[in-house]
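Input: a single structure, listed below in structure tokens.
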Protein chains: 2
Amino acid sequence: MRRHLLMAITLAAALGLASFAAAADPLPSWNEGQAKRAIVDFVKRVTESGSADFVPVPERTAVFDNDGTLWAEKPMYVQLAFALDRVKALAPQHPEWKDKQPFKAALDGDLKTVAAGGEHALLELVMATHAGMTTEAFAKVAMDWLATAKHPRFNRPYTDLVYQPMLELLAYLRTNGFKTYIVSGGGIEFMRPWTEKVYGIPPEQVVGSSIKTRFELKNGKPVLVRLPEINFIDDKAGKPVGIHMHIGRRPIAAFGNSDGDLQMIQWTTTGAGARFGLIVHHTDSVREWAYDRQSHVGRLDKALDEAKAKGWTLVDMKKDWKAIYPFQQQ
Amino acid sequence: MRRHLLMAITLAAALGLASFAAAADPLPSWNEGQAKRAIVDFVKRVTESGSADFVPVPERTAVFDNDGTLWAEKPMYVQLAFALDRVKALAPQHPEWKDKQPFKAALDGDLKTVAAGGEHALLELVMATHAGMTTEAFAKVAMDWLATAKHPRFNRPYTDLVYQPMLELLAYLRTNGFKTYIVSGGGIEFMRPWTEKVYGIPPEQVVGSSIKTRFELKNGKPVLVRLPEINFIDDKAGKPVGIHMHIGRRPIAAFGNSDGDLQMIQWTTTGAGARFGLIVHHTDSVREWAYDRQSHVGRLDKALDEAKAKGWTLVDMKKDWKAIYPFQQQ
């Protein structure tokens, strides 16, 4: 048996079929295994005409979490790094921050004190740095930051820290008639300026958390002003709500990595017909990070149990992915 | 000159070219005139390669109001007719409504008293009839009603009361690479179940007013429950906010019919590059209704002045449209 396989491989290589086979593989950064097989099987089931599970193109909706699912979320959420840098940039206009928490801690780089302030401290930082300007001005601030900021471990732009296998998966789904959406706890306006270029996902297919905006005529010119008031938190039980509000269809495939994605995957996988749920499990302490049940950022606990109980596909990053980031490809 | 024209027409007719010309016209229900010319000119300017005003396909976003712009809003908003019928249907479970306004008036068909209650009374009716069930159950209730309810004047389903020239305009824009969106003060979940079939606009391209929903596990089954609490009012200054929230791009063309659309058209037409604003003016008291500055429903006052001041295209329904509804076509 083994000899036959070897012979076949040798023959294929001789005929130049190996490179052909590699080129034809839509998921070249995925090792052969259960996860890759489950993805390809699902796509075939819902797209092949005559299949009992065939889904028409307009219904092929796939939703992806962002932080930890499409790009790195360690050592901290990228948007938190942005907020901390904004506090520093805006500090000269806010002398009072020197003695006021959580701003003092942010300026001192004292992340422990920031974290100790909990959600309330984080919201204060976000409100102080993300509101009070027009939507256009904010998009520019976010893009300017992303163009220059570097990830502390890899010393590269944060947008280099996207997962190569997930980029391939996004493209593979789109090639098969899927509309791909981001459904993230991150800020919708922090993501929209760059998701099309980085992921091929246009702004109208990005769902996220938001603050309120107000329409104003500023010297006769219409603008939308960002207000220091929460509009929507697109996390946990908020994700199915955000999906319903923005998309108005129940997805048939959902991809996440943490307990924040649990309800989104429940909502997706319990609809009628063929459904697909997938969890990216961070298991690679060398090429990336290894974390799950005990992690503060990207905790994967309940959703890990439910993935096993419900048969969602579990991706073992260390085992299933040939490369993590595009720049690590061979 | 006139003789040459007549000869040309006779010749064309003799050769069967008239029907060919008619078939090639993407807007056959529009009379030749300033409005039709302005639409076609704009589309050419933004789509012809080499044009100074060329707009890439992903940026071709067009937004349409619904009530009074895509379908009839007289004698009352279709959704109000739906709410009133729902009050009647639900009355047996609410004996207290017999003595409680605005429900008593709704049950008596006393629209004057309902209207006298203002926005608050309308909200009470909407909350009592649109909340308290799952999103799936509500979509079914709305579709069941639309399948049987008849418009009081035309004795036809409400979805027959769509404007034939606007259906042609939607298709014409889509043929030219536009994404067409509804941006309506009406309920987003009241519209989404049928807009794809009636207008060719899928649910993810519908923006509207909404109540809040909550994710719940009901006997282990995930559902979204509709709550009696306003989430967003997509009208007037809310329309640019809704556009920004859902689409995340500034449209290049906006179509409305009332003061509720003023800010949406301001927001659209003041962006950089070629922009298009259009107001449907209800001028046909015979085939439809004639109303503007004095009307309670669909008041067109400030936006009529601004259309003239800013050079937005004004559609005179009586003069510009060969047919109003599909069933009136010859």
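- Proximity to chain B (any heavy atom under 4.5 Å) is restricted, for A:Lys179, to the side chain, taken from C-beta onward.
- Residues B:Ile188 and A:Met245 come closest through the heavy atom pair CD1-O, 3.8 Å.
- Side-chain contact between A:His246 and B:Glu204 is absent, with no heavy atoms from C-beta onward closer than 4.5 Å.
- When all heavy atoms of A:Thr135 and B:His244 are compared, the pair lying nearest together is CG2-NE2, 3.4 Å.
- For chain B, the nearby part of A:Gln205 is the side chain; its heavy atoms alone come within less than 4.5 Å.
- Only the side chain of A:Tyr181 has a heavy atom closer than 4.5 Å to any heavy atom of chain B.
- Top candidate by heavy-atom pairs under 4.5 Å with chain B, chosen from A:Gly238, A:Pro193, A:Ser210, A:Gly248, is A:Gly248.
- For B:Glu216, no part sits under 4.5 Å from any heavy atom of chain A, backbone or side chain.
- In plain terms, the two heavy atoms of A:Leu224 and B:Trp267 that are nearest each other are CD1-CZ2, 3.6 Å.
- For a residue to count as touching a neighbouring chain, one of its non-hydrogen atoms must lie under 4.5 Å from one of that chain's; by this rule A:Val206 does not touch chain B.
- In this structure, B:Pro222 and A:Arg250 approach most closely via the heavy-atom pair O-NH2, 4.1 Å.
- Neither the backbone nor the side chain of A:Glu59 comes within contact range of chain B; no heavy atom of the residue lies under 4.5 Å from a heavy atom of that chain.
- Residues A:Leu217 and B:Gln266 form a side-chain contact, since some pair of their non-hydrogen atoms from C-beta on lies under 4.5 Å apart.
- B:Pro240 approaches A:Phe215 most closely through the heavy-atom pair CG-CD1, 3.4 Å.
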